[in-house]
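Proteins get letters first, then strands, A, B, ... in listed order; numbering begins at 1 in each. Bear in mind that the values here come from a model prediction, so they are computed numbers and not experimental data.
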Amino acid sequence: MSIDDQTFDPRPQTNGRPQAPNRVRIRTEPLPGAIGAPAATESAAESHVHIAPDAVFEADKVGIFYGRKQALIDVSMRIRRGQVTALIGPSGCGKTTFLRSLNRMNDSIPGFRIDGSINYHGHDIYGSNVDTVEVRRRIGMVFQKPNPFPKSIYDNIAWAPRNLGMRSGLKERVEKALRGAALWDEVKDRLKDSALGLSGGQQQRLCIARAIAIEPDVLLLDEPASALDPIATGAIEDLIHSLKGRFTIVIVTHNMQQAARVADRTAFFSLETRGEKPIGTLIEFDETEKIFGAPRDPRTRDYVMGRFG
Amino acid sequence: MIVRHKIAEPFDPTRPLTPTGNLRRRHLVSRFAQGVAIAAAIAAVAVLVIVIWAVVSHGIKAISWDFITKGEPEGIGPNLVGTAIIVGIGTLIAAPIGVLIALFLSEYAGRRATRPVQLLMDVMNGLPSIIIAVFVYILIVEPTKQQSGLAAGIALSIIAVPLIARGTQEVLRLVPAAQREAADALGVARWRSVLTIILPAALGGIVTATLLSVARAAGETAPMILLSSLAKADTYQFNPLKELPNVPVKIFQLSEEANPEGFTKAWGLSLVLIAIILALGLGSRALLNRSKRKLTR
Amino acid sequence: MSATPPAGTASLKLARSNRQSPARKRADRLGDVSLRLICLGAALLAALVLVLIAKEVFEGAQPAISKYGFSFLTNTEWAPPLEKFGGEGLVLGTLITSAMAIFIGAPVAISIGIFLALLAPAGVRNVISPLVEMLAAIPSVILGFWGLIVFGPFVAGTIEPFLHKTLGFIPLFGSPQTTGASVFTAGLILTIMVIPIIASVTRDLFMAVPRELQDGAAALGSTRWEVIRGVVLPTTVSGMIAATLLGLGRALGEAIAVSQVIGGATESHLSLFKTGGTLASIIALQFPSAISALHYASLYYCAAILLVIGVASNLLASWVGMRFGAAGGAMR
């Protein structure tokens with residue numbers, strides 16, 4: 001397939017401005033009372049060696065604040081290329097907050113502030129000359145509640161590619177995105193109909209199709225099946241399997257079985273009492289089988305067993 | 001079933017996160033559009049500042065104690081009192097009717113009755129005030145051959161009813177449904193819950209809406225020209241059955257005469273009128289925020 | 001929202017007292033019925049007033065209507081001493097000034113709505129929004145007076161000569177008059193009057209567009225403007241039309257400010273820079289000194305035309321709003 005050269009320069013960057021690939025930027029020290037034990041067992045051991053070639057994201061001691069309230073503290077993890085990484089944990093543990101910080105969707109929330117650093121292919125996502133639109137163009141996102149635009153099915157998919165100047169072969173691109181999202185056969189005869197006439201499950205797959213139509217590098221899925229019935233959920237899970245390898249996928253889910261079914265690696269977040277108030281943090285991050293089979297941390301075990309038992 | 005398409009890596013994701021492709025141009029377009037929006041907002045604020053500045057800088061020269069308290073030719077006291085009486089009459093008529101209509105809409109009207117009454121309010125709200133003035137003239141002034149503050153007040157009340165109804169309705173909507181349902185479930189008669197729970201809860205909003213409509217009515221000129229424009233303002237007058245001197249019509253009449261002294265006086269009148277209106281507006285806004293906070297707490 | 005305890009206890013007390021006697025029950029039924037009837041009566045009274053307005057205005061206009069019929073709209077001469085009343089110039093003046101107000105005002109106002117709802121940080125919005133509403137609160141007589149003394153001479157001295165020089169070949173931009181009283185000035189004053197109305201309605205409209213929809217668009221790598229252009233504006237088209245119609249109704253019916261700056265002429269012409277008149281302003285200007293029964297009837301005729309246009313634009317506005325969904329179909 002021909003790529004839109006006009007949109008992206010496929011050549012690896014050789015010259016240009018000098019770029020510190022792995023600047024460590026520390027904004028503020030963590031809260032005084034918040035010096036915890038090393039939280040993430042695995043990543044604590046691995047982090048800060050150098051950029052592993054397969055790392056898409058490297059989060060280092062990430063803390064997130066909304067105004068004066070701290071939502072997340074001390075998250076360090078490495079998300080690998082081409083894998084499906086699941087973020088699980090009780091509600092309010094900051095997993096969605098963390099996910100949204102990966103493509104800067106939190107920026108628009110008043111009072112949002114982040115500590116530590118998140119590197120994407122070695123570039124600080126919150127760096128000073130980073131373009132948030134460019135970030136989101138590379139890192140797509142699908143939300144908890146299906147949010148198709150009040151446009152036709154076709155225009156829902158074609159809208160973003162048009163913006164990006166991918167005008168040639170647009171029809172094929174739409175078809176491919178819809179096939180990629182396993183929706184083509186259901187909608188190919190009514191592409192001109194409003195997307196709002198689709199069922200909830202179809203709408204969510206349309207949103208995934210919309211996201212993959214611009215061929216991002218990463219897909220962030222925020223509880224994509226939580227608003228859907230079991231059959232539609234199954235369809236979404238099949239879809240995630242089929243997307244594996246083509247995209248790096250990070251999925252937030254409250255459904256243990258779902259994480260176990262789709263994820264290569266799973267991160268368990270929980271609420272920890274630091275100082276006075278409970279704050280979300282990363283407890284354990286490992287291969288999915290290990291998290292569900294032989295978790296190292298007792299808190300992970302309790303949560304996983306409790307949920308499965 | 002699922003067709004797999006091998007999609008080649010479309011770009012090098014390891015490049016720095018600076019704009020690629022057409023993004024620079026798209027940012028330019030976006031910034032331009034945002035600039036236009038900001039410019040529009042600045043223009044509106046600028047017009048406000050220019051108008052207010054003109055009124056204040058010219059009007060301040062006319063203002064004095066005598067100007068506010070004495071009658072013609074030095075002052076505008078009778079005009080202020082006349083406007084107060086006329087607006088008072090209008091509000092006294094409009095407030096209960098507006099509140100009752102709002103109550104009807106929020107408590108009694110079913111789905112089918114809501115739409116036409118809502119539409120009626122919208123249409124009334126959109127009626128040019130000059131038409132209302134003509135109507136009251138034909139109804140009251142023409143048969144009696146007598147302009148009057150009462151006629152002007154009635155015209156203002158027709159203008160104010162939809163304003164008060166809408167404002168009240170907005171606050172009634174904030175009275176928690178749970179309160180109504182609780183009352184209903186306990187078998188409390190509707191009229192008791194309306195009078196003892198719903199209306200008291202919405203009182204702040206009702207007062208706000210009334211103040212806002214007073215502010216609007218105080219500046220209404222068209223009804224005054226037809227219904228209360230012939231009064232002499234050399235002495236204070238209080239009889240609403242006769243024409244009453246008032247502020248808007250005086251400004252209008254002075255602006256029609258090409259007389260510099262009259263213009264100074266008109267600026268002074270404008271300043272007093274705007275000060276009253278803005279004070280009412282700010283007061284009602286503060287009040288509204290307070291009562292909304294109370295209701296949605 | 002939760003039921004606040006005081007209300008709960010109040011209704012509880014009421015309920016207890018309520019169970020007491022059959023007489024009480026009867027009283028309650030009576031109270032319910034009468035409060036309902038009183039409220040209904042208020043609504044009916046308003047409807048009655050509206051009907052009466054139409055009836056009285058049309059009856060008052062009857063002599064002129066039966067004398068001129070629809071040719072009132074095309075007769076060009078308005079000469080009270082000669083008992084000649086033709087409204088073409090006034091109709092034209094009304095249409096031209098209102099069109100100016102809408103074509104200039106609506107885009108500016110919608111831009112302000114976009115700024116306030118979607119671009120400005122909350123702090124800026126909370127300052128500018130009340131200011132815009134303050135602009136709407138300025139009485140038209142003061143705006144008209146300012147237009148007469150300050151704005152009109154400025155327009156006649158700078159803007160009109162410039163437009164005449166550059167666009168003078170179009171008949172619309174004829175040679176300016178020196179006083180500053182002109183159709184053009186009136187149009188600009190009306191523009192200032194409709195902007196805050198349309199701006200505050202569209203601001204509320206844009207603020208009602210669901211956050212998720214905008215996030216969804218932003219997550220596809222779209223710029224702020226692309227999100228607005230692609231998602232916010234298309235979902236609110238009907239609401240924007242309704243808001244504009246609201247502004248149009250206001251512009252058509254404004255009598256005072258227009259009569260102060262338009263010059264009060266009645267002849268029919270297309271030049272923006274000459275004096276002119278509108279249906280509403282002629283009533284304010286000539287009513288107090290009308291000289292004959294036919295003169296009054298002709299002024300009522302003007303009011304009747306305004307009434308029809310005004311009601312029609314209002315009905316259209318709420319039809320558009322209703323037909324294409326509340327809040328402009330943001331969640332259609």
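- Residue contact with chain C, scored on non-hydrogen atoms closer than 4.5 Å, involves the backbone of A:I139 exclusively.
- When all heavy atoms are compared, the tightest approach of A:N147 to C:E212 is ND2-O, 2.9 Å.
- For chain C, the option among A:Q144, A:R162, A:K151, A:R104 with the highest count of heavy-atom pairs below 4.5 Å is A:K151.
- Neither the backbone nor the side chain of A:P110 comes within less than 4.5 Å of any heavy atom of chain C.
- Using non-hydrogen atoms only and a strict 4.5 Å limit, the part of residues 217-226 of chain C facing chain A consists of C:A217, C:A218, C:A219, C:L220, C:G221, C:S222, C:T223, C:E226.
- Considering all non-hydrogen atoms of both residues, C:L213 and A:F149 come closest at O-CE2, 3.7 Å.
- More than 12 heavy atoms of other residues, nucleotides or ligands shown are found within 6.0 angstrom of CZ on C:R125.
- With values rounded to the nearest 0.5 angstrom, C:R211 atom CZ is found 4.5 Å from A:S108 atom OG.
- Residue contact with chain C, scored on non-hydrogen atoms closer than 4.5 Å, involves the side chain of A:M105 exclusively.
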